[in-house]
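Below is one structure, written out as structure tokens; the observations come after it.
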Amino acid sequence: MKYNRCGKSGLLLPEISLGLWHNFGSVDNFENAECIAVEAFDKGITHFDLANNYGPVPGSAEENFGKILWHNFQGNLRDEIVISTKAGYTMWKGPYGDWGSRKYLLSSLDQSLKRMSIDYVDIFYSHRPDPETPIEETMMALDHAVRSGKALYVGISNYSAEQTRVAVDVLKQLGTPCLIHQAKYSMLERWVENGLLDVLEEKGVGCIAFSPLAQGLLTDKYLNGIPENSRAHNPNGHLKEDEVTQERIQKLIQLNEIAQNRNQSLAQLALAWLQKDKRITSVLIGASSVKQLCNNIDCLQNTEFTYDELNAIEKILS
């Protein structure tokens with residue numbers, strides 16, 4: 001595992017980080033989740049990413065991760081891992097459980113720490129911009145989280161390039177630099193290339209890519225259509241059936257041919273492709289099993305691309 005400097009900070013993050021968005025909730029098998037987290041750490045993944053509402057039920061991923069910490073990461077091991085969490089999406093009913101007010105963010109952080117039974121998180125994010133709350137208020141809440149000792153660093157997620165520029169400048173004025181931006185980025189979702197990555201590079205802010213496999217679409221699972229046990233087949237899933245078009249399936253088939261020529265799976269190709277841009281600090285993966293985790297980590301065995309390979313990929317994606 002390689003560790004990359006996060007922007008212009010002193011913090012190093014692994015090339016691959018583990019996200020607990022799925023498979024760590026109260027409806028999931030705890031022993032399986034624990035095995036995934038322990039194996040990830042043993043493979044060099046030191047960064048574990050959560051949010052207040054991860055589950056289901058909301059909050060249960062943090063509760064389960066707290067148990068995993070207690071069972072496996074006691075003593076100085078806490079100093080060898082980076083824990084991040086977020087607030088910004090709906091967590092509880094009423095006027096104070098959503099968006100970006102100081103009231104919500106700081107209350108949520110206190111709840112997250114209690115659920116995980118820890119004194120601080122390493123990174124606390126504003127999970128999304130709030131169109132009704134002044135960005136200065138949201139950033140002041142992040143600044144307070146650091147000054148109170150409840151977070152070591154702060155970041156933002158799902159902010160546009162222009163919103164990011166403003167947020168970073170406000171945090172700098174407050175004296176708490178923005179460490180990182182967590183952005184949705186994959187072969188099929190490339191909005192960050194239209195300005196955001198340039199802003200982050202200019203401002204010295206790191207970037208971690210989430211949903212790098214497009215909710216599983218960039219795997220061999222959909223090469224022959226939509227299988228019954230897939231996220232797209234689940235009406236409650238984030239990947240919808242109408243996103244798995246014939247046009248996209250044809251692109252997946254062509255990308256899979258390139259992957260096979262590189263002795264990689266389609267998923268490994270998609271993860272390695274993100275590593276080519278040095279502005280990407282880390283790629284955030286999920287895993288439903290230890291086997292899937294290890295297969296995804298194996299993308300690091302081949303992250304170099306030839307000029308012809310990159311051109312061929314670009315032609316398929318365009």
Side-chain angles (χ1 to χ4, degrees), residues 6-7 11 13 17-25 37 47-66 69 81-92 96-116 118-131 133 135 137-146 148 150-160 163-164 167-168 170-171 176-185 192 196 200 205-212 238 281-286:
C6 192
L11 185 66
L13 293 180
S17 298
L18 182 64
L20 281 66
W21 184 10
H22 302 291
N23 307 306
F24 283 80
H47 178 210
F48 299 88
D49 181 77
L50 297 113
N52 58 353
N53 62 341
Y54 287 177
V57 296
S60 59
E62 288 181 329
E63 289 177 359
N64 281 336
F65 187 65
L69 287 174
I81 61 176
V82 172
I83 302 170
S84 60
T85 196
K86 318 175 196 73
Y89 285 93
T90 304
M91 182 58 196
W92 65 85
Y96 311 121
D98 202 351
W99 292 105
S101 71
R102 181 185 181 94
K103 170 73 172 174
Y104 171 47
L105 293 183
L106 296 179
S107 298
S108 177
L109 177 56
D110 285 341
Q111 292 179 19
S112 291
L113 295 177
K114 186 176 181 179
R115 280 191 289 268
M116 290 187 278
I118 55 179
D119 297 325
Y120 70 94
V121 292
D122 297 276
I123 307 170
F124 181 52
Y125 287 92
S126 167
H127 206 167
R128 61 172 171 173
D130 182 349
T133 298
I135 202 165
E137 178 180 338
T138 301
M139 296 307 109
M140 285 177 69
L142 296 184
D143 173 67
H144 180 81
V146 171
S148 65
K150 295 175 182 178
L152 300 186
Y153 303 91
V154 294
I156 56 178
S157 182
N158 298 306
Y159 280 57
S160 70
Q163 290 168 329
T164 295
V168 170
V170 171
L171 282 170
T176 298
C178 182
L179 174 79
I180 193 168
H181 188 297
Q182 187 170 134
K184 191 174 186 179
Y185 187 25
V192 302
L196 178 63
L200 297 180
V205 177
C207 184
I208 182 168
F210 78 87
S211 289
H238 290 274
T281 310
S282 185
V283 176
L284 190 60
I285 64 169

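Rounding to the nearest 0.5 angstrom, the gap separating the OG atom in Ser211 from the CD1 atom in Ile285 is 12.5 Å. Atoms CG and OG1, from Leu200 and Thr281 in turn, are 8.5 Å apart once rounded to the nearest 0.5 Å. Note that OG of Ser60 and CD of Glu63 are 6.5 Å apart. Values are rounded to the nearest 0.5 Å. To the nearest 0.5 angstrom, Arg115 atom CZ is 10.5 Å from Asp110 atom CG. Separation of atoms CG (Asn64) and CG (Asn23) is listed at 11.5 Å; rounding is to 0.5 Å. Atom CG of Leu20 sits about 4.5 Å away from atom CG of Leu50, to the nearest 0.5 Å.
Legend: residues meeting salt bridge (charged side-chain N to carboxylate O under 4.0 Å, His left out) with Asp130, ordered by chain and number and at least two apart, are absent. Among residues two or more places apart in sequence or in another chain, the salt bridge (charged side-chain N to carboxylate O under 4.0 Å, His left out) test is passed with Lys184 by none. With sequence neighbours left out, Gln163 forms a side-chain hydrogen bond (donor to acceptor under 3.5 Å, both in side chains) with Ser160. With sequence neighbours excluded, the residues that form a ring-ring contact (aromatic ring centres under 6.0 Å, His included) with Phe48 are Phe65. In this structure Pro177 satisfies the side-chain contact (heavy atoms from CB on, under 4.5 Å) test with no other residue, sequence neighbours excluded. Residues forming a ring-ring contact (aromatic ring centres under 6.0 Å, His included) with His127 (at least two apart in sequence, or on another chain): Tyr89. Scored by the ring-ring contact (aromatic ring centres under 6.0 Å, His included) test, Tyr104 finds Trp92 as partners (sequence neighbours excluded). Considering only residues two or more places apart in sequence or on other chains, Asp49 meets the side-chain contact (heavy atoms from CB on, under 4.5 Å) condition with His47, Tyr54, Ser84, Lys86, Tyr125, Gln182, Leu284. Annotation: side-chain contact (heavy atoms from CB on, under 4.5 Å) contacts of Asp122 (sequence neighbours excluded): Arg78, Val82, Ile83, Tyr120, Leu152. Residues passing the side-chain contact (heavy atoms from CB on, under 4.5 Å) test with Lys103, sequence neighbours excluded: Tyr96, Ser101, Ser107. The side-chain hydrogen bond (donor to acceptor under 3.5 Å, both in side chains) search around Thr176 returns Asp143, not counting sequence neighbours. Residues passing the side-chain hydrogen bond (donor to acceptor under 3.5 Å, both in side chains) test with Thr138, sequence neighbours excluded: none.
Ile156 has its side chain within reach of Met139: a pair of non-hydrogen atoms, C-beta onward, lies under 4.5 Å apart. At least one side-chain heavy atom of Ser157 sits under 4.5 Å from a side-chain heavy atom of Phe210. Taking the side chain as every heavy atom from C-beta outward, Lys150 and Phe124 never approach each other to under 4.5 Å. In this structure, the side chains of Ile208 and Ser17 come closer than 4.5 Å at one or more pairs of heavy atoms. By the 4.5 Å heavy-atom criterion applied to side chains, Leu11 and Ile180 are not counted as neighbours.
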**Request:** Could you walk me through whether Phe24 and Glu62 pass side chain to side chain contact (heavy atoms under 4.5 Å, CB included), step by step?
**Result:** CA-CA 8 Å; Phe24 283 80; Glu62 288 181 329; over 6 Å; no
**Request:** Please test His181 against Val192 for side chain to side chain contact (heavy atoms under 4.5 Å, CB included), starting from the C-alpha separation and ending with a verdict.
**Result:** CA-CA 11 Å; His181 188 297; Val192 302; over 6 Å; no
**Message:** For a side chain to side chain contact (heavy atoms under 4.5 Å, CB included) check, start with the C-alpha distance between Asn53 and Thr90, then their side-chain angles and the critical distance, and finish with the verdict.
**Reply:** CA-CA 7 Å; Asn53 62 341; Thr90 304; over 6 Å; no
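Cys6 and Leu13 get closest at one heavy-atom pair: SG-CD1, 4.1 Å. Asp98 and Gly88 get closest at one heavy-atom pair: OD1-O, 3.2 Å.
For the pair Arg102 (side chain) and Glu137 (backbone), a donor-acceptor distance under 3.5 Å is absent.
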